[in-house]
There are 2 protein chains.
Amino acid sequence: MNKTDNPTLEDVARAAGVSTATISRSINEPDKVAQKTRDRICEVINKLGYTPNFGGRALASKRTNIVGAVIPTMANAMFASGLQAFQETLSASGVTLLVASSGYNSDHELEQIRTLITHGADGLLLIGAARPKATMDFLHLRNIPFVIGWHYDNDPQRLFAGFDNHKAAQVMCDAVLQLGHRRVAMIGGITDGNDRAKSRIDGVRHAVANFAGDAVLLDILEADYTLENGGNAFAKLMSATPAPTAIICGNDVLAAGAVVRASDLGLKVPDDVSITGFDDINLATVVRPALTTMRVPQTDMGRSAARLLLARLAENRQVRSIEFEAELIRRQSLAPPGG
Amino acid sequence: MNKTDNPTLEDVARAAGVSTATISRSINEPDKVAQKTRDRICEVINKLGYTPNFGGRALASKRTNIVGAVIPTMANAMFASGLQAFQETLSASGVTLLVASSGYNSDHELEQIRTLITHGADGLLLIGAARPKATMDFLHLRNIPFVIGWHYDNDPQRLFAGFDNHKAAQVMCDAVLQLGHRRVAMIGGITDGNDRAKSRIDGVRHAVANFAGDAVLLDILEADYTLENGGNAFAKLMSATPAPTAIICGNDVLAAGAVVRASDLGLKVPDDVSITGFDDINLATVVRPALTTMRVPQTDMGRSAARLLLARLAENRQVRSIEFEAELIRRQSLAPPGG
DNA sequence: CAAATATATGCAAGCGCTTACACTTCATGC
DNA sequence: GCATGAAGTGTAAGCGCTTGCATATATTTG
């Protein structure tokens with residue numbers, strides 16, 4: 001598995017007639033080296049195709065310039081574009097991204113965190129705040145710098161770049177209730193090991209419970225984020241009597257699945273039933289009717305998470321969590337009951 | 001930036017009353033160590049929260065168990081899910097994924113390749129076969145093992161896990177022509193630095209040129225993969241006289257944008273104009289009419305690319321490229337001209 | 001112009017790990 | 001019982017780099 005022997009610092013040093021220290025400096029702190037020497041070194045480096053050996057560098061300098069991210073899955077557009085922004089921002093600072101996915105499973109998440117750390121990650125991006133004690137213990141024991149994305153709360157001990165899922169869901173549900181809906185149902189993500197999904201459901205529960213009127217939350221179904229599951233859950237909810245007049249979905253994929261299924265079942269959205277989404281990914285704008293949804297600042301979160309983590313790693317003391325606001329985007333899938 | 005001092009092999013060795021070599025063995029080659037010793041060591045490791053220092057390990061063993069991927073962008077669902085599969089497969093072999101994105105720019109790609117290598121990647125996944133000489137030179141000079149995904153050709157010198165974009169586009173265009181379309185236009189991706197986009201366009205060109213009839217390829221527009229660009233390009237193409245009866249799109253995002261715009265413009269798909277996509281991502285199934293598209297085996301490619309790369313790194317000699325077939329998926333957006 | 005300071009380079013000690021080799025036990029077979 | 005070998009462990013030599021310190025050279029200053 002080892003590559004054929006690559007040139008080392010020493011090879012370069014010999015060829016350039018200087019010491020290894022000078023080469024090292026000309027790479028890492030160029031202005032500590034005379035212009036002339038640097039030029040010569042640069043030339044030799046290119047001729048030899050030298051690149052610093054990673055292991056040696058990491059060992060000597062005690063840092064890798066690698067940060068890791070453990071996200072539920074890249075297959076969800078929301079994480080993918082956030083991760084993209086995260087990576088781009090890191091890249092601009094010469095830091096590289098190690099990724100792993102947990103599949104929304106917390107045991108798996110711990111395993112992946114371990115892996116990333118043993119693979120040299122200086123810091124981590126994690127999604128959501130809730131995790132088992134074992135995971136927290138490991139993080140603390142090893143004193144690992146990390147940032148939590150896609151979630152925000154007031155815990156001053158930790159670093160967040162996210163938004164308040166509970167509040168956002170509540171805003172959405174309030175909007176639904178304001179329009180006159182009284183029989184509401186929800187299709188949420190699987191809450192096990194996913195505090196964002198849980199918060200969104202709680203937000204809806206809370207909104208219904210505190211509504212100054214007699215609204216009912218008929219049912220809450222949990223489903224993996226696929227179009228088909230969204231469709232199936234929708235069908236199930238609509239087969240109840242009385243049927244809900246609005247269905248709040250935990251994300252756009254579920255909602256899009258529901259919208260499509262509605263049309264298959266001959267139900268008109270929003271006339272027969274309103275459907276709302278969450279995240280505002282491409283899907284939301286393309287289904288007909290287009291989804292009323294909560295826009296989540298995916299790119300901003302990714303970018304900010306990177307900045308926070310970089311600052312934290314640079315030991316800037318003034319690192320503070322950033323709260324973003326999810327924004328209600330009104331489109332056609334939500335209307336007063338009965339059209 | 002350095003973490004507080006973590007326990008080292010030596011700490012563990014001292015605490016367990018054995019030599020560092022034994023600890024190392026019990027981690028890397030457990031069955032070379034007596035059960036009893038191993039148990040004791042394991043206990044100490046857990047108590048101390050020891051994890052091997054990455055730099056030391058990489059330096060001594062000359063491998064990192066990291067592979068890198070440079071993809072155009074994770075924000076495109078097709079790459080995201082392929083990358084997800086790639087990562088999962090690697091993970092199952094204890095290998096971790098370093099990601100970088102090129103933004104479809106080949107200078108940037110080279111830079112990212114360099115970064116990944118200096119960050120310790122043992123091997124790489126790259127997308128598409130076409131790249132500038134400088135990049136190829138670097139890859140060869142450093143003798144870097146790599147696999148090319150999302151593309152296939154017969155070059156026996158290289159390792160592919162992909163499909164023939166040219167052929168796939170041709171299949172799609174043939175299907176369009178078979179249905180009776182004679183005025184065809186295309187909305188492709190930006191071909192600069194993107195051989196897949198180019199191949200898809202060439203495939204369509206080729207199909208039209210070789211059609212046993214008098215079909216015309218009216219126009220080819222290139223656009224970044226966004227819904228809006230797809231819509232704009234569509235509007236532009238439809239404003240020509242005579243207008244095309246079918247528009248072949250280089251990917252589903254462009255096609256979905258076109259379908260949505262068609263409806264905004266009061267055009268019926270497929271009655272007034274047929275639209276086809278490429279990739280078969282979620283979007284394709286959700287727009288109405290649903291997209292006729294080429295299904296691309298994203299997950300399979302990701303998984304196979306990982307297997308190929310792992311095999312290559314393990315120096316298995318019997319590593320051979322894998323060709324996948326894209327599959328024509330017929331849905332409602334394509335019909336004979338005039339409905 | 002000597003002294004003081006700034007700038008450029010070299011020296012050499014590790015960083016924490018793996019691994020070839022040497023050594024010690026202990027079981028086995030004759 | 002003793003040679004033989006297997007199994008378990010230790011010793012120590014690096015892997016390629018960074019970096020504090022010492023040294024050498026250039027520049028400034030009174």
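Numbered from 1 within each chain, the chains take letters A, B, ... in sequence-line order.
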ask   = Looking for any heavy atom pair under 4.0 Å, which part of the strands does A:Ala34 touch: base, sugar-phosphate only, or nothing?
value = sugar-phosphate
inquiry  = Taking the minimum atom-to-atom distance to the side chain of A:Ser19, which one of C:dG10, C:dG16, D:dT18 wins?
reply    = C:dG10
ask   = What distance separates A:Arg158 CZ from A:Asn154 CG, expressed to the nearest 0.5 Å?
value = 12.5 Å
request  = State the OG1-CE distance between B:Thr299 and B:Met78, to the nearest 0.5 angstrom.
outcome  = 11.5 Å
ask   = Is the backbone of B:Thr20 close enough, under 3.5 Å, to the side chain of B:Ser24 for a donor and an acceptor to pair up by distance?
value = no
ask   = Are any non-hydrogen side-chain atoms of A:Arg196 and A:Pro72 less than 4.5 angstrom apart?
value = yes
ask   = Is B:Ser24 near enough to C:dT18 that one of its side-chain N or O atoms lies under 4.0 angstrom from OP1 or OP2?
value = yes
request  = Starting at the 5' end of nucleotides 21-27 of chain C, put B wherever the base has a protein heavy atom under 4.0 Å, S where only the sugar-phosphate does, and a dash everywhere else.
outcome  = B------
5′-ward residue of the pair A:Thr37/B:Ile27 relative to DNA chain C = A:Thr37
Distance in angstrom units between A:Ile23 CD1 and D:dG16 C1', rounded = 13 Å
query = Atom CD1 of B:Ile41 to atom P of C:dC17: distance rounded to whole Å?
reply = 13 Å
task = Ignoring backbone atoms, establish whether B:Lys62 has a side-chain N or O less than 4.0 Å from OP1 or OP2 of D:dG16.
result = yes
query = Between B:Leu9 (CG) and C:dT18 (C1'), how many Å, whole number?
reply = 9 Å
task = Return the value, rounded to whole Å, for the distance between atom CZ of A:Phe54 and atom P of D:dC17.
result = 13 Å
inquiry  = Applying a 4.0 Å non-hydrogen cut-off, can you work out what B:Thr8 is touching in the nucleic acid: base, sugar-phosphate, or nothing?
reply    = sugar-phosphate
ask   = What pairs with B:Glu29 under side chain to side chain donor-acceptor pair (under 3.5 Å), at least two apart in sequence or on another chain?
value = none
Donor-acceptor side-chain pairing of A:Gln298 and A:Ser81 below 3.5 angstrom = yes
request  = Please tell me which of A:Gly56 and A:Thr22 maps to the more 5' nucleotide of DNA chain C, matching each residue to the nucleotide holding its nearest heavy atom.
outcome  = A:Thr22
query = Just to confirm, is there a sub-4.0 Å distance from OP1 or OP2 of C:dG16 to any side-chain nitrogen or oxygen of B:Arg57?
reply = no
ask   = What nucleotide, of C:dC15, C:dC11, D:dA12, holds the atom closest to the side chain of A:Ala21?
value = C:dC11
request  = Nearest whole angstrom, please: distance from the P of C:dC17 to the CG of B:Asn65.
outcome  = 16 Å
ask   = In whole angstroms, how far is the C1' atom of D:dT19 from the CZ atom of A:Arg63?
value = 15 Å
request  = Tell me which of B:Asp31 and B:Ala60 sits closer to the 5' end of DNA chain D, going by the nucleotide each one is nearest to.
outcome  = B:Asp31
key: From CA spacing to verdict: side-chain contact (heavy atoms from CB on, under 4.5 Å), A:Leu124, A:Ile117   = CA-CA 9 Å; A:Leu124 295 178; A:Ile117 294 302; 4.2 Å; yes
task = Evaluate the criterion side-chain hydrogen bond (donor to acceptor under 3.5 Å, both in side chains) for residue pair B:Glu109 and B:Thr135; output intermediate values, then yes/no.
result = CA-CA 8 Å; B:Glu109 189 195 32; B:Thr135 309; 5.0 Å; no
Between C:dT9 (C1') and A:Glu29 (CD): distance, integer Å = 13 Å
note = To the nearest angstrom, the NZ-P distance between B:Lys36 and D:dG8 comes to 13 Å
OP1 or OP2 of C:dC15 under 4.0 Å from side-chain N/O of B:Asn53 = no
